[in-house]
Amino acid sequence: MDRSETNMIIIHHIGGTDRDVSAAEVHQWHLDNGWAGIGYHYIIRKNGTIERGRPQNVIGAHCYHYNRTSIGINLVGDFEKSKPTEEQIQSALELTTFLCKTYNLSPTNKTILGHRDLSSTLCPGKNLYAQLGAFRQCIVDSLA
C-alpha cells in the first residue's frame with residue numbers, strides 16, 4: 001500500500017549482530033519471521049553502500065504506529081556495542097538530505113528520529129543515537 005504522507009524519517013540499526021548484512025539478508029530474516037518481507041526502505045552497509053528495501057513510496061514495517069507516515073533507514077551494525085563507520089554516516093547524511101528535499105521536511109528532532117524516540121527499544125543503539133543531533137545539524141547546514 002502506498003504511503004499518502006511522509007512526515008518523518010526514522011533511523012534504525014540492525015542490533016544483535018555487528019557484521020555487515022545486505023538488504024537481501026534482512027529481507028529473508030523478515031520473511032522467516034512470517035512478515036511480508038523487509039520492513040525498512042533503505043539499508044546502509046558498513047562500506048556506505050545504500051541498498052533499497054521496500055519501495056520508497058510504500059508503507060514500511062519498521063516502527064509500530066508510525067509506518068504510514070515515515071521512511072525507515074537502517075544502518076547495519078549493533079551500535080550498542082560499536083560505532084557506525086564514517087562511510088555509513090556520510091551515506092546516511094546524503095540519503096536523509098535527499099529525502100528531506102523530496103518530502104519538504106525540515107531536519108528537526110520531530111522529523112528525523114531514532115526508533116527509540118517512538119518505541120520502547122534501544123534502537124538505533126546508543127552510539128548512533130548520540131550522533132543524531134550533529135547529524136540533523138549537518139543536514140540543516142547542507143540545505144542552507
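Not measured: the values here are computed from a predicted model.
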Flag side-chain contact, heavy atom, 4.5 Å: [X] against [Y]:
X    : Y   : answer
L95  : L99 : yes
C100 : I9  : yes
T6   : S70 : no
W29  : V21 : yes
L128 : K83 : no

How would you list, by chain and number, every residue that makes a side chain to side chain contact (heavy atoms under 4.5 Å, CB included) with T121, sequence neighbours excluded? H115, R116, S119, C123
Would you say [X]'s side chain and [Y]'s backbone share a donor-acceptor pair under 3.5 angstrom?
X   : Y    : value
T49 : R45  : no
E80 : K126 : yes
E51 : Y42  : no

For [X] versus [Y], what's the shortest heavy-atom pair and its separation?
X    : Y    : result
N127 : P84  : O-CD, 4.3 Å
T85  : K46  : OG1-O, 2.6 Å
F79  : H13  : N-ND1, 2.9 Å
D117 : R136 : OD2-NH2, 4.5 Å
L132 : G114 : CD1-N, 3.5 Å
D18  : G77  : OD1-CA, 3.4 Å

Is the closest side-chain donor-acceptor distance between [X] and [Y] under 3.5 Å?
X   : Y    : answer
N7  : Y103 : no
R3  : H41  : yes
H27 : S22  : no
Q90 : E86  : no

Do [X] and [Y] share a hydrophobic cluster (ILVMFWY, side-chain heavy atoms under 4.5 Å, transitive)?
X    : Y    : value
I38  : L75  : no
I14  : I73  : no
I11  : V26  : no
F135 : I44  : yes
F98  : I139 : yes

Greater than 12 external heavy atoms within 6.0 Å of D2's CG: yes
Can you tell me how far apart [atom1] ([X]) and [atom2] ([Y]) are? Round to the nearest 0.5 Å.
X    : Y    : atom1 : atom2 : value
C63  : I10  : SG    : CD1   : 4.0 Å
R54  : I43  : CZ    : CD1   : 11.5 Å
K110 : L105 : NZ    : CG    : 14.5 Å
S82  : R19  : OG    : CZ    : 13.5 Å
T111 : N109 : OG1   : CG    : 8.0 Å
S106 : I112 : OG    : CD1   : 8.5 Å

Under 4.0 Å between a Lys/Arg side-chain N and an Asp/Glu carboxylate O for E5 and R68? no
For W35, the ring pair (Phe, Tyr, Trp, His ring centres under 6.0 Å) test, sequence neighbours excluded, returns H30
Mind running side chain to side chain contact (heavy atoms under 4.5 Å, CB included) on L118 and M8 for me, showing each step along the way? CA-CA 11 Å; L118 302 167; M8 67 180 79; 3.8 Å; yes
